[in-house]
Amino acid sequence: MSQDIHNVVIIGSGPAGYTAAVYTARANLNPVLITGPEIGGQLTTTPEIGNWPGAFDNPSGFDLMENLKKHAEALNTKLIHDKVVAVSLNQDIKEVTLANGDVLKTKTVIIATGAQAKYLGLESENAYKGRGVSSCATCDGFFFRKKDVAVIGGGSAAFVEAIFLASICNKVYLVHRREGFRAEQVLIDKINALVEEGKVELVLNAQVDEIKGDGNVVKSLSVNIKDSGIREIELQGVFVAIGHAPATSLFKDQIKLDSDGYIEVNNKRATQTSQEGVFAAGDCADKVYRQAITSAGSGCQAALDVEHYLM
């Protein structure tokens with residue numbers, strides 16, 4: 001495999017990566033896609049997608065990504081289930097090194113590595129990760145059935161987590177550092193309905209002070225509320241949903257990143273990075289929209305940019 005020179009290697013298996021695969025495959029470029037450790041990306045943890053055009057039956061993120069994967073495979077995209085551990089992008093033939101030791105040589109690369117969950121950065125949070133602290137309700141919510149939990153955050157991601165958890169948990173505390181929310185109005189309406197039912201309690205103007213436990217599992221959450229001081233909330237789980245950081249550390253010495261770590265792209269061709277023949281699509285280069293559909297759209301753009309570049 002390491003002796004072949006591919007037309008394009010796609011790094012990442014979210015909406016951007018799979019869409020780029022579909023378009024490059026249809027252009028007869030025989031794409032190779034490296035899935036990474038989280039096949040399908042962060043969308044697979046979303047229980048319901050209500051805004052994918054045409055999919056008005058609200059499919060789960062997992063189902064949507066499975067369909068995108070099948071589409072790419074049906075067009076003979078070569079999927080490699082491995083992780084990229086090193087890249088060399090500053091020459092005409094780029095090299096992508098996998099965890100298994102294989103080195104892929106390629107004329108172009110599409111980076112579609114997405115983003116990773118952010119955490120609060122507390123010592124106590126790190127101590128209880130996997131023992132009551134999580135960043136994925138659909139992954140770990142099952143362990144907290146009929147228990148009390150908190151969701152930290154005020155954006156759409158936090159609201160989706162809280163709505164899901166409210167369906168299986170005894171009570172959900174939605175903890176936000178401000179009074180107002182950045183979530184979509186439809187999600188705010190759903191949360192307000194759950195508040196009326198007593199399934200959700202809003203804890204606003206609150207900073208998380210400490211996550212407390214018995215050394216093995218989480219027992220309570222300590223929050224500092226503006227104007228009223230410290231409040232102790234007894235619970236068994238804490239879900240952190242304060243956003244994501246772009247998964248781009250692998251490329252920091254190879255292409256230009258902005259101050260927040262997002263890949264900088266060229267205004268002339270929407271997905272062209274600072275390095276010729278290297279393109280970026282999806283959340284790793286998008287700090288504004290961060291939607292499944294915009295990621296898919298940028299995957300299309302990257303594929304068309306690759307096709308133009310190879311011509």
Side-chain angles (χ1 to χ4, degrees), residues 5-27 29-38 41-43 72 77-78 80 82-98 103-116 243-311:
I5 297 179
H6 302 285
N7 287 315
V8 56
V9 168
I10 301 163
I11 306 173
S13 57
Y18 283 140
T19 303
V22 166
Y23 272 79
T24 50
R26 285 172 57 86
L29 296 180
N30 302 311
V32 175
L33 185 147
I34 315 302
T35 64
E38 296 177 5
Q42 57 179 304
L43 202 65
T77 298
K78 181 176 179 59
I80 297 178
D82 207 335
K83 179 182 178 181
V84 176
V85 295
V87 292
S88 181
L89 305 176
N90 57 5
Q91 61 276 341
D92 287 343
I93 302 301
K94 291 82 170 73
E95 294 185 351
V96 177
T97 303
L98 306 181
V103 178
L104 307 182
K105 297 180 184 294
T106 179
K107 298 172 186 174
T108 65
V109 172
I110 295 176
I111 301 170
T113 47
Q116 298 166 331
H244 290 77
T248 57
S249 59
L250 186 66
F251 313 104
K252 63 182 180 181
D253 296 324
Q254 302 280 323
I255 56 177
K256 285 184 181 178
L257 308 179
D258 72 9
S259 58
D260 294 318
Y262 289 86
I263 298 172
E264 291 188 356
V265 290
N266 191 308
N267 290 330
K268 194 171 182 181
R269 297 203 71 82
T271 67
Q272 173 68 59
T273 70
S274 60
Q275 182 62 54
E276 286 290 313
V278 180
F279 305 85
D283 286 3
C284 64
D286 173 21
K287 59 166 55 174
V288 178
Y289 303 105
R290 291 183 283 198
Q291 299 294 307
I293 192 66
T294 54
S295 290
S298 67
C300 162
Q301 290 177 311
L304 296 176
D305 286 344
V306 162
E307 189 177 2
H308 180 269
Y309 175 83
L310 292 175
M311 286 169 58

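Keep in mind that this is a model prediction, so the values were computed, not measured.
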* Structure fact -> Of all heavy-atom pairs linking Pro31 and Ala21, the shortest is CG-O, 3.7 Å

* With sequence neighbours excluded, residues passing side chain to side chain contact (heavy atoms under 4.5 Å, CB included) with Thr294 -> Asp286, Tyr289, Gln291

* **Qualifying residues under side-chain hydrogen bond (donor to acceptor under 3.5 Å, both in side chains), relative to Ser295, sequence neighbours excluded** => Asp283

* Asked: Residues in side-chain hydrogen bond (donor to acceptor under 3.5 Å, both in side chains) with Ser274, at least two apart?
  -> none

* **Thr113 vs Phe251 side-chain heavy atoms within contact, under 4.5 Å** => yes

* Structure fact -> Rounded to the nearest 0.5 Å, the CZ atom of Arg26 sits from the OG1 atom of Thr77 at a distance of 11.5 Å

* Taking side chain as C-beta onward, heavy atoms only, is Gln275 less than 4.5 Å from Asn90? -> yes

* To do: Report yes if some heavy atom in the side chain of Val32 is under 4.5 Å from a heavy atom in the side chain of Thr106; otherwise report no.
  => no

* Asked: Looking only at heavy atoms, what is the nearest atom pair of Cys284 and Ala112, with distance?
  -> SG-CA, 4.2 Å

* Can you list every pair that meets salt bridge (Lys or Arg N to Asp or Glu O under 4.0 Å) and has a residue in residues 7-24, with sequence neighbours left out? -> none

Cut-off 3.5 Å, no hydrogens considered: what does the side-chain donor-acceptor table look like for residues 8-20, sequence neighbours left out?
from	atom 1	to	atom 2	distance (Å)
Ser13	OG	Thr35	O	2.9
Ser13	OG	Gly40	N	2.9
Thr19	OG1	Pro15	O	2.6

* Apply side chain to side chain contact (heavy atoms under 4.5 Å, CB included) to Leu310 and list each qualifying residue two or more places apart in sequence or on a separate chain. => Asn7, Leu29, Lys107, Thr108, Val306

* Structure fact -> CG (Asp92) and CD (Glu276) are apart, to the nearest 0.5 Å, by 9.5 Å

* side chain to side chain donor-acceptor pair (under 3.5 Å): pairs with one or both residues in residues 248-258, sequence neighbours excluded -> Asp258-Lys287

* List for me each residue that meets side-chain hydrogen bond (donor to acceptor under 3.5 Å, both in side chains) alongside Tyr262, sequence neighbours excluded, and say none if there are none. => Arg290

* side-chain hydrogen bond (donor to acceptor under 3.5 Å, both in side chains) involving Gln116 - partner list, sequence neighbours excluded -> none

* Specify the closest pair of heavy atoms between Val109 and Lys94, including all atoms of both residues, with the distance to one decimal. => CG2-CB, 4.0 Å

* Please round to the nearest 0.5 Å and tell me the distance separating atom CG of Leu33 and atom NZ of Lys78. => 11.5 Å

* Asked: For Asp82, which residues count as a side chain to side chain contact (heavy atoms under 4.5 Å, CB included) partner, sequence neighbours excluded?
  -> Ile80, Leu98, Ala99, Asn100

* Only pairs at least two apart or in different chains count here, so list each side chain to side chain donor-acceptor pair (under 3.5 Å) that has a residue in residues 300-311. => Arg269-Asp305, Thr271-Asp305

* Could you tell me whether the side chain of Thr97 and the main chain of Val103 form a donor-acceptor pair under 3.5 Å? => no

* Structure fact -> Sorted by chain and residue number, the side chain to side chain contact (heavy atoms under 4.5 Å, CB included) partners of Val265 (sequence neighbours excluded) come out as Ala280, Ala285

* Asked: Are any non-hydrogen side-chain atoms of Ile111 and Ile255 less than 4.5 angstrom apart?
  -> yes

